[in-house]
Structures are given as structure tokens and as C-alpha cells.
J.: 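Got a structure here, written out as C-alpha cells. Questions coming.
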Amino acid sequence: MPAEGHRKTLVLRLRDALYTQIEAGRYGPGDRLPSEARLTEEFEVSRTVVREAVAALRAEGLVEARQGAGVFVLKPETAPALPFQKIDYARISTVLEMLELRTAVEVEAAGLAARRISPAQEEEMAARMQAVETRAREGGDTAEADFALHLAIAHASNNPRFAEFLAMIGPEVIPRRALDPEAGGQSEGAAYLAAIAAEHARIVHAILRRDATAARQAMRHHLEGSQQRYRALLRGATG
């Protein structure tokens with residue numbers, strides 16, 4: 001093996017060895033690594049190899065050199081928390097926050113869908129709306145079908161970021177349980193589902209007519225209506 005390639009192999013081996021020792025806790029945050037001379041002796045490599053291996057660990061943010069003191073292990077950086085991972089949908093205030101965010105995003109998605117929807121996406125959207133209506137007639141939980149319809153609208157915007165956003169926050173974002181129509185009796189439940197179905201129909205029909213303004217208005221009416229229902233619940237809980 002050429003000398004340069006051999007040296008690089010030694011650097012990687014030493015870097016991996018030190019990394020393993022740090023991960024195993026032999027050297028914890030704030031600990032000082034052995035001196036350059038000690039590492040040279042322990043691993044039977046040149047000082048150049050030691051320096052390059054330590055430089056690799058520094059580049060990864062695992063260690064830092066302190067002038068006149070040596071090389072010290074750093075505390076691992078905590079990965080930033082991913083958004084929308086710890087959302088308590090049992091709290092009405094949380095649902096309101098998510099509805100406000102959805103309104104800001106989905107109103108524009110509906111408008112773009114009215115201008116950009118393809119024939120295949122028209123069929124998909126109509127099928128998703130039919131699925132919601134079928135589940136409602138059967139008296140089943142419509143949340144999953146409802147989310148699928150909203151996702152179809154986002155896809156029809158033909159800007160993938162809208163669908164990615166909805167997929168990231170997931171089907172739990174469809175507020176249902178606190179507004180469970182069965183809690184108020186069967187007739188009230190039927191009226192509630194009929195109202196939601198009518199709101200969905202206005203959104204879809206506006207998109208299919210290629211009326212961007214009406215699509216935005218219908219989506220806003222739908223999501224702001226949900227906000228009003230939840231605010232009524234919140235007032236009742238705090239009144």
C-alpha cells in the first residue's frame with residue numbers, strides 16, 4: 001500500500017478507536033484525552049497520525065483543543081426536537097393552535113389545487129370525498145377518511161410541501177373526539193356530520209370548478225368553523 005494510503009488508514013483506525021472509547025464512556029465530557037506522546041506510544045503510530053485523528057474528532061464536534069492544556073471531550077450536542085412530535089390533542093387549546101396553523105396552510109393549498117389539479121387528482125379527490133360520506137352514513141369514525149381527503153387536496157396543489165406538512169402532523173390533526181357527535185345523541189351526530197359533509201363538498205366542488213377564490217373561502221370557512229366549535233368548548237370548560 002502506498003505510504004499516503006497507509007497513513008490515512010492508520011488515521012481512520014485511530015479515530016475510530018478513540019471514538020469508540022468516548023462512546024463507551026472511557027473518556028466522558030470534560031475529560032482530557034491522553035497526550036500526543038501517550039497516544040503515539042499506545043497505538044504505535046506517528047505523531048502526524050495522532051494529530052490527524054484528533055483533528056477528525058474535532059471536526060465532528062467530539063473534542064476541543066485548549067491551548068496549553070490538551071484535548072478535552074465535549075458534551076454531546078442534544079439533537080433539536082423535531083416539530084409536532086409531542087402534541088397533546090386532548091387539550092382543546094392545543095387543537096385550536098393546530099387548527100389555526102392548518103388554516104394558514106390549507107387555505108392556500110385549496111386555492112393552488114383549483115388552478116393546478118390534474119384529471120387523475122380530480123378522480124382521487126372525488127373518491128376521498130365519497131369515502132368520507134360513506135363512513136358518515138355508516139355511523140363510523142370519519143377522521144381517517146377526512147384526513148385522506150385533506151391530503152388529496154394538498155397533493156392536488158402540486159406543491160409537494162403542502163402534502164409533506166400534513167403527513168408530518170398526521171391524521172390526529174383531524175379534530176373529532178372532543179366534538180364526538182355521539183356524545184350529543186344520534187340526531188345531533190347526524191346533523192354534525194351532515195354539516196361537515198356540506199363543508200367538504202363546497203371545497204371540492206370549488207376546486208373542480210377551478211375557482212381558486214371560492215376554494216380558499218370554502219376551506220377557510222371549514223377550518224374556522226372547527227375553530228369556533230372548539231372555542232365554544234374551551235369557554236364551557238373555563239366558564
Side-chain angles (χ1 to χ4, degrees), residues 1-91 93-95 97-102 104-106 108-109 112 116 120-121 124 143-144 147-148 150-175:
M1 179 184 296
E4 179 66 16
H6 179 63
R7 182 179 59 78
K8 288 183 178 180
T9 298
L10 292 175
V11 169
L12 289 175
R13 286 178 181 173
L14 178 54
R15 177 265 174 209
D16 290 346
L18 292 173
Y19 179 88
T20 299
Q21 291 176 353
I22 292 171
E23 286 288 294
R26 180 175 177 181
Y27 304 112
D31 289 346
R32 180 177 172 280
L33 288 185
S35 66
E36 187 178 288
R38 175 73 179 277
L39 290 174
T40 297
E41 180 181 350
E42 180 180 348
F43 290 96
E44 299 181 344
V45 294
S46 68
R47 288 178 178 267
T48 300
V49 168
V50 171
R51 290 168 187 157
E52 291 188 22
V54 170
L57 294 175
R58 287 176 60 190
E60 295 176 48
L62 296 174
V63 300
E64 70 173 359
R66 300 175 188 169
Q67 185 154 2
V71 178
F72 292 82
V73 177
L74 294 173
K75 182 179 180 180
E77 291 187 6
T78 302
L82 295 175
F84 310 115
Q85 300 303 302
K86 295 181 180 180
I87 300 176
D88 183 4
Y89 285 104
R91 297 180 58 192
S93 59
T94 297
V95 176
E97 291 170 354
M98 296 306 294
L99 281 168
E100 288 178 352
L101 179 59
R102 285 183 58 202
V105 173
E106 292 193 67
E108 183 60 19
L112 290 174
R116 300 174 178 175
Q121 289 168 337
E124 175 71 10
E144 292 286 342
F147 179 75
H150 281 268
L151 194 58
I153 293 170
H155 279 297
S157 74
N158 284 293
N159 178 334
R161 306 308 175 195
F162 286 103
E164 287 174 7
F165 168 77
L166 281 185
M168 179 173 61
I169 58 181
E172 291 80 9
V173 79
I174 300 297

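Given the structure is predicted, the values throughout are model-derived calculations rather than measurements. Positions are given from 1, in the same order as the sequence printed here.
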J.: Please report the shortest heavy-atom distance between Ser157 and Ala109, naming the atom on each side.
T.: CB-O, 3.7 Å
J.: Under 4.0 Å between a Lys/Arg side-chain N and an Asp/Glu carboxylate O for Arg38 and Glu41?
T.: no
J.: Report the residues that fulfil side-chain hydrogen bond (donor to acceptor under 3.5 Å, both in side chains) with Asp31, sequence neighbours left out, ordered by chain and then residue number.
T.: none
J.: If you count the non-hydrogen atoms of other residues, nucleotides and ligands that lie under 6.0 Å from CD in Glu108, is the total more than 12?
T.: yes
J.: Within the side chain of Arg58, is there an N or O that forms a donor-acceptor pair under 3.5 Å with the backbone of Val63?
T.: no
J.: Could you list the donor-acceptor pairs under 3.5 angstrom formed by side chains in residues 15-25, with sequence neighbours left out?
T.:
residue	atom	partner	partner atom	Å
Arg15	NE	Glu60	OE2	2.9
Arg15	NH2	Glu60	OE1	2.6
Arg15	NH2	Glu60	OE2	3.0
Thr20	OG1	Asp16	O	2.9

J.: Could you check whether any side-chain heavy atom of Val49 comes within less than 4.5 Å of a side-chain heavy atom of Arg13, counting everything from C-beta outward?
T.: no
J.: How long is the span from the OG1 atom in Thr94 to the CE atom in Met98, to the nearest 0.5 Å?
T.: 9.0 Å
J.: Distance from Glu64 atom CD to Leu57 atom CG, nearest 0.5 Å?
T.: 13.0 Å
J.: Less than 4.5 Å apart, side chain to side chain, heavy atoms only: is that true for Phe162 and Ile153?
T.: no
J.: Do the side-chain N and O atoms of His150 and Glu106 include a donor-acceptor pair separated by under 3.5 angstrom?
T.: yes
J.: Is the number of heavy atoms from other residues, nucleotides or ligands under 6.0 Å of Glu44 CD greater than 12?
T.: no
J.: Are Leu62 and Tyr27 packed together at the side-chain level, in the sense that at least one heavy-atom pair is separated by less than 4.5 angstrom?
T.: no
J.: Give, for atom CD of Glu42 and atom CG of Leu14, the distance between the pair rounded to the nearest 0.5 Å.
T.: 9.0 Å
J.: After noting the C-alpha distance and the side-chain angles of Asn158 and Leu112, does the key distance pass the side chain to side chain contact (heavy atoms under 4.5 Å, CB included) rule?
T.: CA-CA 8 Å; Asn158 284 293; Leu112 290 174; over 6 Å; no
J.: Between atom CG of Leu166 and atom NE2 of His155, what is the distance when rounded to the nearest 0.5 Å?
T.: 8.5 Å
J.: Would you say Arg32's side chain and Ala69's backbone share a donor-acceptor pair under 3.5 angstrom?
T.: yes
